Structure formats: structure tokens, C-alpha cells
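In what follows, a structure is listed as C-alpha cells, so that the remarks can point back to it.
Just so it is clear, the structure is predicted and the values come from calculations on it, not from any experiment.
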Amino acid sequence: MKRKTITHAARLLCVLALAMSLTTAAFAADPPEPAQPSPCYPTAVTRSEDGGEIRKMYDLGPEDDPAGIPRSDFEQEGYHYTLTDLLKQELPANESRQHTETVSVPSQSKDMGAVLALLPQTKEFITEDGLAGTLALKLDTVKVEVAGYGSSTKSITATRTYPGLADQDTQYIPKSITDNGHSLTLQTVNWQTEGDGHFTAVASYSGSATSSYVKGYTVTADYAGTVSRINLNKIRYVAIFEGTALEPAPTEEPGDTTDPSLTDPADPTAPAEPTDPTDTPTGEKNNVLPVVAVVVVVLLGGGAFYFIKRRR
């Protein structure tokens, strides 16, 4: 009878130890994390003139998961943007529209013949959202404007003759003259003797003249036509973000410093706030469970040993 009791007690201990080890393993195992969708990238981004709205367009294929479209708030150019709507659009098999593109080219001449030589009759264009086509030049939109001005300075000279002078005295010679609106100063005087004993003075004057000139021209013109593309089973999602202007950070006035003595630090003698016993981190729970299981097994084993000893 005693042997049967000992056998049953030993079996009971084995079963309890096995159950506790399985329970501990079950609690310790972490649940698998869900798979994250692949990130999606926009094919085009537009922003309103006032900055109040940004639209991001995503052209996704049948295998793409729209859950990968970013929906988080962000800040850009002084605005805080929040997602307000996500639209789904079925793209047609063939998408086309009229498009106008303005080009700008430099030119050294304003002559229309030279200008048109810089502008081909047709140009290939691709829009920001991926539509392509051949656009034609609109002659009535061609404009030529001055790109800038420069200045140049050159030296100028002039000669004056003063005959019938009684002697070779420069006091009779003007020290400066005006020639074609430019002021010139006396440089040299050559004397010539006349037959009657008088003298002729040949005076040389020099100066500088500054003039402005056109450095170049800027030519602008419009090209217009149809752009299109073929969409292969694409679905367009349009994420609309509404923007709110950020308030500028307050500037600290000179001398406006906070007195450390006026701050109200936490009282180290104050009792700590009670914590919820259910807020134990998951890692701590997983560390405590094996210890509890060992303690339970030891207690059960001690009780069984005491029971067997008393039966003997």
C-alpha cells in the first residue's frame, strides 16, 4: 500500500512539473509581429500657391498594397500638414490632355531671324506626372527682352590750332575744351613760327568717354500640344494633406532669464505616486514566471516528501 502511494505521488510530481514548464514556455513566447507593407513612393506632388494644400499621387499596380502610402503628419516650408483624405481613381487605359510648356533661351541678338534660329519648330516634352508628347512652337508667344547692360570706357583725343600769337606763351592756350559733349584737358603744345614773326600753337587734348551697351537678350516662347501615356492596370491614389501655418518661435528678450530659485522642482520627500501593479513590463513578467514555477515545484516536492515520510 505504501509503495502504491509513493508511486502515485511521484507521478503527480512529474505531471505538475511538466505542466508548469509548458505553461512557462507558453507565457514566455512572444507573439509574432505582423508583416509591414512595402513603402509606396509618389509619382507626382503638387502644392497650392498659398501652401494650404499638398497632393501626393501614387500610381500603384495590382500587386501593390496601398497600406504602404505614408499617412503621418509632416512639416514643410513653414506649414504643418495633416492627411485629410485619400482618394482612389481608376486610371483610363490611355490618358491624354493638352499641355503648354514655356521655354527660355539666351540670345546675343534681338533680330527675329537669329531668334527663330534658336527655337526649333517642335520639341519633345515629359510632364511632371509622366505624360509625354511632341509640342509645337507658338510664334505669337515669342518675346525678346534685354538680359542686362554693360559699360565700356575709351580714350578720345582732339587737336586745336591757335595762330597769330605774339610769343610762345601757354597762357593764351585753353587748358580744357569740350568736344562732342566730352570734356578734354590740355596735354601738349607744339609751336610753329609764322613769316611775320608771330607764332602758331598746335595744342593736343585728351580725355575719356564711357558708353553703355546691351550684354544680351532673353528669348521666351510657348510650346503647345497633346501629351499622353498608356496606363497598364494602374490605380491612382491621391493623398490630400491640409496645411496649417506654423507660428514663429518666440524670440528671447535680452536679459529675460529664468531665475533657477523660482522653479518648482519635485519635492524629494513627497511620496511617490502609486503605480498600477498590472503595469509590469512584458519582459519582467517573462522573467518572473520561471521563478514562480520553480518555487511551486519545490513546494509541491517538499510536501510530497513530508507526506511519504509520515506514511512510513
Side-chain angles (χ1 to χ4, degrees), residues 47-51 76-79 99-126 128 135-225 245-246 248-256:
R47 184 173 183 265
S48 61
E49 294 183 358
D50 60 356
Q76 178 179 321
E77 298 182 4
Y79 284 82
H99 181 74
T100 300
E101 191 83 15
T102 302
V103 300
S104 177
V105 295
S107 175
Q108 295 299 321
S109 173
K110 64 178 180 179
D111 179 71
M112 190 55 66
V115 168
L116 293 178
L118 301 174
L119 300 172
Q121 293 299 309
T122 59
K123 288 181 72 71
E124 298 289 335
F125 283 97
I126 300 178
E128 293 182 354
L135 308 184
L137 173 66
K138 300 180 67 176
L139 292 175
D140 57 341
T141 64
V142 178
K143 296 180 181 179
V144 181
E145 297 179 348
V146 176
Y149 293 92
S151 62
S152 63
T153 301
K154 64 178 181 179
S155 299
I156 56 176
T157 60
T159 303
R160 295 291 187 271
T161 302
Y162 303 100
L165 301 177
D167 53 25
Q168 298 181 10
D169 191 347
T170 58
Q171 66 175 335
Y172 303 113
I173 309 299
K175 301 303 183 288
S176 62
I177 62 173
T178 300
D179 184 74
N180 294 328
H182 302 290
S183 179
L184 308 180
T185 57
L186 179 63
Q187 299 298 319
T188 61
V189 178
N190 294 323
W191 297 96
Q192 297 176 358
T193 304
E194 298 177 2
D196 57 359
H198 289 81
F199 299 94
T200 298
V202 180
S204 298
Y205 297 86
S206 67
S208 61
T210 302
S211 60
S212 62
Y213 64 94
V214 176
K215 298 176 65 175
Y217 301 89
T218 300
V219 180
T220 59
D222 291 345
Y223 285 81
L246 296 174
T251 57
E252 184 177 350
E253 296 294 337
D256 183 15

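- Between Ile177 and Thr185 the shortest side-chain heavy-atom distance does not fall below 4.5 Å.
- For the atom pair CG (Leu135) and CD (Gln121), the distance works out to 13.0 Å, reported to the nearest 0.5 Å.
- For residues 146-157, no pair satisfies salt bridge (Lys or Arg N to Asp or Glu O under 4.0 Å), with sequence neighbours left out.
- Not counting sequence neighbours, Tyr79 has no partner by the side chain to side chain donor-acceptor pair (under 3.5 Å) test.
- Scanning for side chain to side chain contact (heavy atoms under 4.5 Å, CB included) contacts around Lys110 gives Val144, Tyr217, with sequence neighbours left out.
- Remark: Ser151 engages no residue in a side chain to side chain donor-acceptor pair (under 3.5 Å) (not counting sequence neighbours).
- The two atoms that bring Ala221 and Leu137 nearest to each other are CB-CD1, 3.7 Å, heavy atoms only.
- Rounding to the nearest 0.5 angstrom, the gap separating the CD atom in Glu145 from the NZ atom in Lys143 is 7.0 Å.
- Take Ser48 and apply the side chain to side chain donor-acceptor pair (under 3.5 Å) test, not counting sequence neighbours, and it matches Asp50.
- The nearest pair of heavy atoms linking Ala203 to Leu186 is CB-CD1, 3.7 Å.
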Can you give the donor-acceptor pairs under 3.5 Å from side chains of residues 190-198 to other protein atoms, not counting sequence neighbours?
residue	atom	partner	partner atom	Å
Glu194	OE2	Gly164	N	2.9
Glu194	OE2	Thr200	OG1	2.5
Asp196	OD1	His198	N	3.1
Asp196	OD1	His198	ND1	3.3
Asp196	OD2	His198	ND1	3.2

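- Rounded to the nearest 0.5 Å, atoms OG (Ser155) and NE2 (His182) are 11.5 Å apart.
- The two residues Ile173 and Ala201 make their nearest non-hydrogen contact at CD1-CB, 3.5 Å.
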List, one per line, each side-chain donor-acceptor pair under 3.5 Å for residues 206-213, sequence neighbours excluded.
residue	atom	partner	partner atom	Å
Ser206	OG	Gln187	NE2	3.1
Thr210	OG1	Thr153	OG1	3.1
Ser211	OG	Ser152	OG	3.3

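- Remark: Leu184 CG to Ser204 OG distance equals 11.0 Å, nearest 0.5 Å.
- Under the side chain to side chain contact (heavy atoms under 4.5 Å, CB included) criterion, Gln76 pairs with Arg47, Ile54, Phe74, Tyr81, sequence neighbours left out.
- Taking the side chain to side chain donor-acceptor pair (under 3.5 Å) definition, one finds that Tyr162 meets it with Tyr205, sequence neighbours left out.
- Sorted by first and then second residue, the salt bridge (Lys or Arg N to Asp or Glu O under 4.0 Å) pairs involving residues 161-181 (not counting sequence neighbours) are Arg160-Asp179.
- With sequence neighbours excluded, the residues satisfying side chain to side chain contact (heavy atoms under 4.5 Å, CB included) with Thr102 are Asp222.
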